[in-house]
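Presented below is the structure to which this report refers.
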There are 2 protein chains.
Amino acid sequence: METRTVDTRERILDASERLFMAHGYEGTSMRQITGDAGVNLAAVNYHFGSKESLMQEVFRRRLDWLNEERMRVLDALEAEAAGQAVKPSAIVDAFFGTLLRMAGDENRGGMTFLRLLGRTLTEPSEFIRAFLAHEYKEVMDRYKEALFKALPEVPKAEIVWRFHFMLGATSYAIAGTDALRLVTDWQIEDEDSTDRMDRLVPRLMTFLLGGLRAQLPQF
Amino acid sequence: METRTVDTRERILDASERLFMAHGYEGTSMRQITGDAGVNLAAVNYHFGSKESLMQEVFRRRLDWLNEERMRVLDALEAEAAGQAVKPSAIVDAFFGTLLRMAGDENRGGMTFLRLLGRTLTEPSEFIRAFLAHEYKEVMDRYKEALFKALPEVPKAEIVWRFHFMLGATSYAIAGTDALRLVTDWQIEDEDSTDRMDRLVPRLMTFLLGGLRAQLPQF
DNA sequence: TTATGATTAAAACGAACGTATGAATCATAC
DNA sequence: GTATGATTCATACGTTCGTTTTAATCATAA
């Protein structure tokens, strides 16, 4: 009962991750998934119950670790700061850097999962929206509070918005690592695709911090 | 042949814009669209040929004006600069500000279209990706060149990436004008929803320019 | 007023969808 | 080796999908 089950479940989850990333939830059929995974059509309903539950499991498998890691890192930063405010750059790196570094970790989904996450955050079906809101709530609240403390001179509403802008920039940065040229037909000459992800992290971080710390707009 | 046809076409386009925005392309059925529009099921295929062509027309109806307007504004800026480089803030406002100001113009789709555009940029089906790439190519190239000229000390690859980050932040800012709390459960207290859009423009612009002009990352 | 072309309407098409069923096959424990 | 429960398999169910077809209805010009 060991290897068969585990293999089948994993194969389904891997194929789903790939296909949901490429074609979205509604655009991916169970027959594509089971065909790609090389398992029987009925296997998804046997192991996961339904397509919706499968989608949730695809996310849970990755997000559980990601959000726990984010909590751990922020815990460490706050312990180190010993009551003082944590630097904004450290908070941003803990949240977005931890996410981006998943791209290099194939065991945690790598680029495929990141791109799936990026696109799903803007195309949420009702059920997945509710699911993500629940999965993310705790972490979001922690980081929000940390930023409030780190930037006491910036109004809270402004911080919330800027966090949201950062999410968007990051989402596009991920989703568009090769989709960039698909929309814009741009090319970045002197880099091959392995370099690109390594350079993306400092590039994006610089951009995010520039935006986060920008001078307040005048009303 | 006048009012009937035009009405039916417009009613279909309006309903499609709403429904595609709310549920995505694959998640919206022709029966929902024609039901919502109050027209016969066959009307879509009669007037537009297919669901794909309908989707393209939904975008063309709005993007044609948007991209022409972006061209006009940039033309004016460059004429005014008389050979000198245009200020980055002016370029960013011409591109993103022009987009955001559509939100207040109900005749040009308003928030509904903006949110549709925002979500579609990250969830493109193959056919719509190709369509958008074609629709946007000319404008993108113009603005890219303008930014190269405006920021000669920043490497071109860096500018391309930052443009992409700005697109992402803007897309989220739009798509999330009320979806923010759906993912994060955040609330921005002291503002009602009419205020929110007006304040969003300067907020986002500040963020974008902060990111665009951030000090270069150290490799 | 009648002929003509454009539009709408009702109904049906085959294909694909997510899911359920019951038999076959597997691994394990006795 | 046989019984038992877990898993896989082939197949079918009922729905819904985008599209097509054919007839009815409308607006307009002769």
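Chain naming here is simple, since letters A, B, ... match the order of the sequence lines and numbering starts at 1 in each.
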Rounded distance (Å) that lies between atom C1' of D:dT16 and atom CD of B:Q32
11 Å

Taking salt bridge (Lys or Arg N to Asp or Glu O under 4.0 Å) as the cut-off, I'd like each qualifying pair that reaches into residues 40-58 of chain A, sequence neighbours left out, listed once.
A:E57-A:R60

Separation of B:Y46 atom OH from C:dA10 atom C1', in whole Å?
17 Å

Does the Lys NZ or Arg CZ of A:R70 fall within the cation-pi geometry relative to A:F95 - under 6.0 Å from the ring centre and within 45° of the axis?
yes

Tell me the interatomic distance from A:H23, atom NE2, to C:dA16, atom P, rounded to whole angstroms.
16 Å

Note down the inter-axis angle between the two ends of the helix from C:dT1-D:dA30 to C:dC30-D:dG1, five pairs each, to the nearest 10°.
10°

Whole angstrom value for the distance that separates P of C:dA16 from CD of A:E26
18 Å

Residues in ring-ring contact (aromatic ring centres under 6.0 Å, His included) with A:F131, at least two apart?
none

Should A:H47 be listed as having a side-chain N or O under 4.0 Å from OP1 or OP2 of D:dT8?
yes

Out of C:dT7, D:dT8, C:dC17, minimum distance to the side chain of A:S29 belongs to C:dC17

Hey, what are the protein-to-nucleotides 19-22 of chain C N/O distances that come in under 3.5 Å?
residue	atom	partner	partner atom	Å
C:dT19	OP2	A:K51	N	3.0

Nearest-angstrom distance from the residue atom CG of A:D7 to C1' of C:dC26:
14 Å

Cationic N near anionic O, under 4.0 Å, B:D14 to B:R61:
yes

Tell me: CZ of A:R9 to P of D:dA6, nearest whole Å?
15 Å

Distance check, rounded to the nearest 0.5 Å: B:L200 atom CG versus B:L100 atom CG?
6.0 Å

Atom pair distance, as rounded to whole Å: CD1 in A:I12 and P in D:dT7
12 Å

List the residues meeting side-chain contact (heavy atoms from CB on, under 4.5 Å) with A:A94, not counting sequence neighbours, and say none if there are none.
A:V73, A:L77, A:Y143

Any base atoms under 4.0 Å from A:T28, or only sugar-phosphate, or nothing? Heavy atoms, all strands.
sugar-phosphate

Between A:D64 and A:R108 (salt bridge meaning N to carboxylate O under 4.0 Å), is one present in this structure?
no

Passing candidate, side chain to side chain contact (heavy atoms under 4.5 Å, CB included) with B:I33, options B:L54, B:V39, B:L41:
B:L54

Checking A:F148 now: which residues fulfil side-chain contact (heavy atoms from CB on, under 4.5 Å) with it, not counting sequence neighbours?
A:K144, A:E145, A:K156, A:I159, A:V160

